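Here is the structure we will look at.
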Amino acid sequence: MHNILVVDDDPTVAEVVTGYLERAGFTVDRAADGPEALRLAAGRRPDLVVLDLMLPGMDGLEVCRRLRGGALAPVPVIMLTARGDEDDRILGLEVGADDYVTKPFSPRELVLRVESVLRRGGAAGERRAGPGLAAAGIALDPAARRATKDGRELGLTLREFDLLAHLMRHPGEAIGRERLMQDVWGWEFGDLSTVTVHVRRLRGKIEDDPARPRLIQTVWGVGYRFDVPQEQEREQEQEREQEREQEHVPGNGDVPREGV
């Protein structure tokens, strides 16, 4: 059973959201401010955090920053923001929120978002099998949801991991933001700046110089493309060729005997 941490200083909103989540089969912890949220998260690791942006004292942005800066970095966060406040939504995504829901919202819609994020991210130990990915010094293990570059652990959020994996599975292919939103977020429509912000954050973690990206290229008028350096691409092709040759080398039992 997944545990959700709901952080909202409005007791009515928190109570309604808690009720809907519990009826959907989740256990729920509630916090009314940032310090309490961090304390509860440290005491019992949540599988997902529903976090209001406008909290008294320590706001939701700071709470998200602190979550992302520690052992709870992989925990997905859904930010609750005021309708029409695009700057707030972008700020929330910049500090590491995986998704957002604008107020006023339908509690049922929020539950569906929670289920979608957990299902796609494999939270709370639900791991998705799949082949490992490697390129440009980056290694992804989808089963363990572990990412490294040159042997160094990358602190990727749930969406950042899924976005990088999707791009690496389609090297050299220009992929539109609309398609990325469908394939990575599971949304048929939404604010495309969500994709833009996640790409910017991802570049900051995997590029040697994020201002001059070599791996995730912008394809103007289309979207983004993951480029594998040509030298490494040749090395990988040589490795594949060697593997094919080894497959055709006969074993001892396959060598024909003369005079038979």
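These values consider heavy atoms only, across backbone and side chains, with no hydrogens, waters or symmetry-generated copies. Keep in mind that what you see is a predicted model, and the values were worked out from it rather than measured. For reference, positions follow the sequence shown, starting with 1.
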Residues [X] and [Y] bridged, charged N to O under 4.0 Å:
X: Glu173; Y: Arg179; value: yes
X: Arg113; Y: Asp99; value: yes
X: Arg39; Y: Asp29; value: no
X: Arg214; Y: Glu207; value: no

Is any side-chain heavy atom of [Y] closer than 4.5 Å to one of [X]?
X: Val219; Y: Ile175; answer: no
X: Ile138; Y: Ile206; answer: yes
X: His198; Y: Val184; answer: no
X: Arg225; Y: His170; answer: no
X: Leu118; Y: Phe26; answer: yes
X: Arg68; Y: Val95; answer: no
X: Leu202; Y: Ile216; answer: yes
X: Leu21; Y: Val6; answer: yes

[X] and [Y]: which non-hydrogen atoms are nearest, and at how many Å?
X: Leu55; Y: Ala32; answer: CD2-O, 4.2 Å
X: Pro142; Y: Arg169; answer: CG-NH2, 3.9 Å
X: Arg30; Y: Glu15; answer: NH1-CA, 3.8 Å

Requested in this report: In sequence, state the C-alpha distance, the side-chain angles, and the governing distance for Leu61 and Met79, and then conclude on side chain to side chain contact (heavy atoms under 4.5 Å, CB included).
Outcome: CA-CA 9 Å; Leu61 294 175; Met79 191 81 77; 4.3 Å; yes
Requested in this report: Begin from the C-alpha positions of Glu36 and Val7 and carry the test side chain to side chain contact (heavy atoms under 4.5 Å, CB included) through to its verdict.
Outcome: CA-CA 9 Å; Glu36 184 183 11; Val7 189; over 6 Å; no
Please round to the nearest 0.5 Å and tell me the distance separating atom [atom1] of [X] and atom [atom2] of [Y].
X: Asp59; Y: Asp33; atom1: CG; atom2: CG; value: 12.0 Å
X: Leu164; Y: Leu133; atom1: CG; atom2: CG; value: 8.0 Å
X: Leu180; Y: Thr194; atom1: CG; atom2: OG1; value: 12.0 Å
X: Tyr100; Y: Leu51; atom1: OH; atom2: CG; value: 16.0 Å
X: Tyr224; Y: Leu163; atom1: OH; atom2: CG; value: 9.0 Å

Query raised in the report: In this structure, are over 12 heavy atoms from other groups packed under 6.0 Å from Met58 atom CE?
Result: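 Yes, because the 6.0 Å sphere around CE of Met58 holds more than 12 heavy atoms from other groups.
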Query raised in the report: Are more than 12 heavy atoms from other residues, nucleotides or ligands located less than 6.0 Å from atom CD of Glu62?
Result: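 Yes, the 6.0 Å shell around CD holds more than 12 heavy atoms from other groups.
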Query raised in the report: Transitively linked via ILVMFWY side-chain contacts under 4.5 Å: Val222 with Met181?
Result: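 Different hydrophobic clusters.
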Sidechain-backbone polar pair: [X] side chain, [Y] backbone, donor-acceptor under 3.5 Å:
X: Asp98; Y: Ile78; value: no
X: Asp8; Y: Asp10; value: yes
X: Arg200; Y: Val195; value: no
X: Ser116; Y: Leu112; value: no

Requested in this report: Go through the steps for Asp208 and Lys149 under the test salt bridge (Lys or Arg N to Asp or Glu O under 4.0 Å), then give the verdict.
Outcome: CA-CA 11 Å; Asp208 294 331; Lys149 181 180 181 183; 3.1 Å; yes
Query raised in the report: Testing Val114, Asp52, Leu110 for side chain to side chain contact (heavy atoms under 4.5 Å, CB included) with Val17, which one passes?
Result: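 Only one option passes, and that is Leu110.
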Query raised in the report: ring-ring contact (aromatic ring centres under 6.0 Å, His included) between His166 and Trp185: does it pass, once the steps are laid out?
Result: CA-CA 11 Å; His166 190 77; Trp185 276 262; 9.9 Å; no
Report task. Step by step, work out the side-chain hydrogen bond (donor to acceptor under 3.5 Å, both in side chains) result for Thr196 and Arg177. Result -> CA-CA 8 Å; Thr196 305; Arg177 293 191 299 170; 2.7 Å; yes
